[in-house]
Amino acid sequence: MPAPPRVEGLLPAEVLLDEPEAGRRWDRTLVVSGGVLGLIVFFCFLGPLFLPVPDPSAINLNAIRAAPSLGHLFGTGSDGEDLLSQILYGGRDSLEIAILSVMIGATVGCLFGFVSGIKGGIIDTVLMRCVDVLLAFPALILALAVVTYVGRSSWDLTIALSFFSVPAYGRYSRALAVGLRNREFVVNARLAGARSGHLIWRHILPNAMPTLLTFGFLAMGFQIVALAGLSFLGLGLAPPTPSWGGMITAGEAYLSTAPQMVLVPVVFLLATVVSVNLFGDALRQRMRA
Amino acid sequence: MGSLILRRVGQAVVVLLGVSFLTFLLLNLLPGNVINSILGPGATPAAVARLRVELGLNQNLFLRYLHWLGSAAHGNLGTSLATGQSVAGIIVQRLPVTAEIVALAGSIPLAFVAARRAGQRVDRLIAGGSLVFISVPAFVPGILLILIFGADLKVLPATGWVNLSQSLGGNLRTAIMPVVTLALGGFAVHGRLLRAELVAQSEQEYATAALARGLRWPDVMRWHVARNSMIPLITNLALHFGALIGGTVIVEQLFGIPGVGQLLINSIDARDTTVVEGIVLLTAVAFMVGNLLADILHTAIDPRVRYAGATAG
């Protein structure tokens, strides 16, 4: 299995705790990070259904920047909005956008990469130059342009962020396809007259899928960070829709008087991204073992 | 090796053409244009038409691209549509480069320490710290730095920027926090990458063989292992540049620095296509040159590298 490509913004595979010999430890990491991730996903998507949280943008002038209490578990923001509720709804949007944008980026990237890897020759060259163009193009500028000109709905942001993962997946899936191209079962299928589309769909994709999925976790971690960055620049989801990045920005000015406004979203952001990264990495290590 | 480099340069040129055309297309096809942002919503149709001709926006899109490309090839990136300033003049930026140097200066020694004690507590501590820095957006450590050094200890100015031409000391004082903030991400990535490679390389047979020949371990590290471990780092440096530009935009916003990032956001907002195009092109050039240098260094360091299509793509 080739190592993931080194692409702007995405973690090089070797960055995390690289200890292939310590198999058991990776199992533990897998369980712990997977558990944290599962909890976050569960509460963000299903929490608002059974937890007694108010509307995330509900204004409550009696409790402005209140410290955490029983009524407001994480305290409140500048308009008295409940931070727990904002975390849950903001987290749901962040995760949704990150997952969707990775899926879109992966689909487009793999289309480039698989066709390139299977066909080879001039098609390979042309497609890979296209991927190179995307790679050399500063993805943040593309995202900024899309968000500025098209809009800031969660769908616009998903599209804007998906550009980040296209070149990464393009490179990676091509490497995977090239690695599989001359394996016996692929050669046999080709000799039996299978077309390229059939080869990709029935032979390359199923074999590359686990690796691509694993890579998706690392890509997702990056998307969440990028989304928070866009929010910080004022180009994330338009207010009053809550977002983790937007919450941090809003709380920045009150860091000394109401630290929970920054600390709570930072902790959640960090916990999510760290566990996504560790989960992806542990999965990769396990598959390699 | 000469023909290999030539081929790489050729590829780079093709990619740059693609990048510039993509940018041009993107900026001109998306809704909104510079005329509205210059004249405002209440402009008369006559004034709009006059400005269109003045800025050359009435010409065919493709002709305009060729025209722009022609002057760009001569080093002239045009003038800002909104302000009339020369684009090449406004895009002078040292922040990302400085940050990269700081990141390297910090990460290399740390990587050696971590590799030497691989698997031990120091290594795991550094790994944990790196993971945290990789997993937060650049503005989070930035905010903490401002809070600690700017607001609490008051040893550094919290925000603002003093130009180098005004005062060296002032420039350094305003530059420390932004540079450190920007360097943290690269610091973590480079450090972990180098550490992993150092560990992998020091387990190779040639390292054992060198030891067996009677070389001392520090010398083996320095002359054999370190040299071979630099290759992934070099490749990654080139790739990291794009991410660094993104980080610069955020860090400048946070510290109130009037730099290329602010310029970019404002220009995108004002539909100032020539400025955006110039920034994209320079970023892409820097990226391609970095990759090219990485390739050349790679061939220079590693005699096994015989490209011949093996790693094409």
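Each chain gets a letter, A, B and so on, in the order the sequences are listed, and its residues count up from 1.
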Would you mind checking which part of [X] comes under 4.5 Å of any heavy atom in chain A, side chain (CB onward), backbone (N, CA, C, O), both or neither?
{"X": "B/Leu194", "value": "neither"}
{"X": "B/Val285", "value": "neither"}
{"X": "B/Val136", "value": "both"}
{"X": "B/Ser20", "value": "neither"}
{"X": "B/Val249", "value": "both"}

Just give me the residue among A/Leu127, A/Val273, A/Val133 that pairs up with chain B most often, heavy atom to heavy atom, under 4.5 Å. A/Val133
Could you tell me which of A/Val225, A/Thr249, A/Thr125 has the largest number of non-hydrogen atom pairs under 4.5 Å with chain B? A/Val225
What's the separation between atom CD1 in B/Ile265 and atom CG in A/Leu144, rounded to the nearest 0.5 Å?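 Reported value, rounded in 0.5 Å steps: 6.0 Å.
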From CG (B/Leu144) to CG (A/Leu263), nearest 0.5 Å: 8.0 Å
Crowding at CZ, B/Phe24 (>12 non-hydrogen neighbours, <6.0 Å): yes
Min side-chain heavy-atom separation A/Leu227-B/Pro137 under 4.5 Å: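 Of all side-chain heavy-atom pairs linking B/Pro137 with A/Leu227, none is under 4.5 Å.
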State, with a plain yes or no, whether a side-chain heavy atom of B/Ile250 is found less than 4.5 Å away from one of A/Leu233. yes
So which residue, B/Leu17, B/Val14, B/Thr23, ends up with the most heavy-atom pairs under 4.5 Å with chain A? B/Thr23
Counting heavy-atom pairs under 4.5 Å with chain A, which one of B/Val276, B/Leu22, B/Leu16 comes out on top? B/Leu22
A/Val266 versus chain B, heavy atoms under 4.5 Å apart: side chain, backbone, both or neither?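 Just its side chain gets close to chain B.
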